[in-house]
Amino acid sequence: MSPSHRINPAELSPPTGFSHAVVATGGHLVFLAGQTALDPEGEITGTTLPEQFATALTNLLTALRAANGAAADLVRVTVYTTDVAEYRAHAAELGAIWRRLAGREYPAMAVIGVARLWDEQAMVEVDGVAVLP
């Protein structure tokens, strides 16, 4: 049995690529540090936001797997981007990347615009919280 379930009330706008609420019960919390498009040598890879998003999400899921979790265990994800308009312009592509890497179990999510990230070349950072059984 999953340690969480998604809630999307009919009274709210239909969610696209996220869930309005996620109820987590029992289990162990895993707090995932923000991940950017850093490669194993510590260099930012990718020249487009979708390329960087794919690497950042892969890095997040790698950390989660190392904690014995899976994408479906994510209950909260925050995406920080240096260009919200660019993020919105690529929303369909970013959604396809999410589904390819993480499936269709969407956590509660937020996208937040920021002036810059720790690594100046980074366009996107992804952090999250997971609940493991």
Side-chain angles (χ1 to χ4, degrees):
M1 182 170 134
S2 173
S4 64
H5 66 276
R6 279 78 173 138
I7 299 172
N8 293 299
E11 299 86 2
L12 297 177
S13 171
T16 302
F18 70 96
S19 292
H20 283 291
V22 178
V23 176
T25 56
H28 301 279
L29 290 176
V30 179
F31 295 90
L32 298 159
Q35 299 293 325
T36 60
L38 286 176
D39 67 14
E41 287 75 42
E43 301 294 325
I44 294 290
T45 62
T47 58
T48 68
L49 195 144
E51 289 171 339
Q52 288 197 11
F53 179 80
T55 302
L57 181 57
T58 297
N59 290 346
L60 185 83
L61 295 172
T62 298
L64 179 56
R65 279 192 301 277
N68 296 314
D73 298 321
L74 288 167
V75 295
R76 173 76 179 155
V77 168
T78 303
V79 178
Y80 305 91
T81 180
T82 57
D83 191 338
V84 174
E86 183 77 2
Y87 190 95
R88 287 179 61 94
H90 291 284
E93 186 177 356
L94 297 172
I97 291 166
W98 178 277
R99 288 185 299 279
R100 177 172 52 85
L101 297 175
R104 293 185 175 273
E105 290 289 327
Y106 298 111
M109 294 182 74
V111 176
I112 299 171
V114 296
R116 68 160 283 191
L117 296 164
W118 183 262
D119 293 297
E120 231 175 309
Q121 304 84 2
M123 297 176 217
V124 65
E125 183 169 334
V126 183
D127 73 15
V129 177
V131 177
L132 308 184

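Count residues from 1 along the sequence. All values derive from a computational prediction rather than experimental measurement. Keep in mind that the numbers below use all heavy atoms, side chains included, and drop hydrogens, waters and symmetry copies.
Leu117 and Ile112 fall within the same hydrophobic cluster, where Ile, Leu, Val, Met, Phe, Trp and Tyr residues are linked whenever their side-chain heavy atoms come under 4.5 Å apart, directly or through other members. Residues Val111 and Met123 fall within the same hydrophobic cluster, defined by Ile, Leu, Val, Met, Phe, Trp and Tyr side chains chained together at heavy-atom separations under 4.5 Å. Put simply, Val77 and Leu101 are part of the same group of oily side chains (I, L, V, M, F, W, Y) that touch within less than 4.5 Å, one to the next.
Here the side chains of Val79 and Met109 are in contact, with some heavy-atom distance below 4.5 Å. Using a 4.5 Å heavy-atom cutoff, the side chains of Ser19 and Ile7 are not in contact. Leu74 has its side chain out of reach of Val22: every pair of non-hydrogen atoms, C-beta onward, lies at least 4.5 Å apart. Counting heavy atoms from C-beta outward, Leu64 and Leu60 have side chains that stay 4.5 Å or more apart. Residues Arg99 and Tyr106 meet the side-chain proximity criterion, which asks for heavy atoms closer than 4.5 Å. Counting heavy atoms from C-beta on, the side chains of Asp127 and Tyr80 come closer than 4.5 Å. Within the 4.5 Å cutoff, no side-chain heavy atoms of Thr36 are placed close to those of Val124.
Listed for the Asp119 side chain is no donor-acceptor partner under 3.5 Å among the backbone atoms of Gln121. Under the 3.5 Å distance criterion, the side-chain polar atoms of Glu43 are left unmatched by any main-chain donor or acceptor of Asp39. Distance alone, capped at 3.5 Å, is enough to place a donor-acceptor pair between the Thr45 side chain and the Ala37 backbone.
Pro9 and His20 make their closest contact through CD-CB, 4.0 Å (heavy atoms, listed as atom of the first residue, atom of the second, distance). Shown here for Ala71 and Ala102, the closest heavy-atom pair between the two residues is CB-O, 3.4 Å. Of all heavy-atom pairs spanning Pro107 and Arg76, the tightest one is CB-N, 3.7 Å. Nearest heavy-atom pair across Pro15 and Asn8 is CG-OD1, 3.2 Å. The two residues Val84 and Gly113 come nearest to each other via the heavy atoms CG2-CA, 3.5 Å. Shortest non-hydrogen contact noted between Gln52 and Gly46 is NE2-O, 3.1 Å.
Taking CD1 from Ile97 and OG1 from Thr55, the interatomic distance works out to 9.0 Å, rounded to the nearest 0.5 Å. Taken to the nearest 0.5 Å, the CZ atom of Arg65 stands 12.0 Å off from the CG atom of Asp73. Expressed to the nearest 0.5 Å, how far CG of Leu57 lies from CD of Gln35 amounts to 10.0 Å.
Classification of the Phe53-Tyr87 ring pair by plane angle, with boundaries at 30° and 60°, yields perpendicular.
Hydrophobic cluster membership of Ile44, counting Ile, Leu, Val, Met, Phe, Trp and Tyr whose side-chain heavy atoms lie under 4.5 Å apart directly or via other members: Leu38.
Within 6.0 Å of CZ in Arg88 there are 12 or fewer heavy atoms belonging to other residues, nucleotides or ligands.
With sequence neighbours excluded, no residue satisfies salt bridge (charged side-chain N to carboxylate O under 4.0 Å, His left out) with Glu93.
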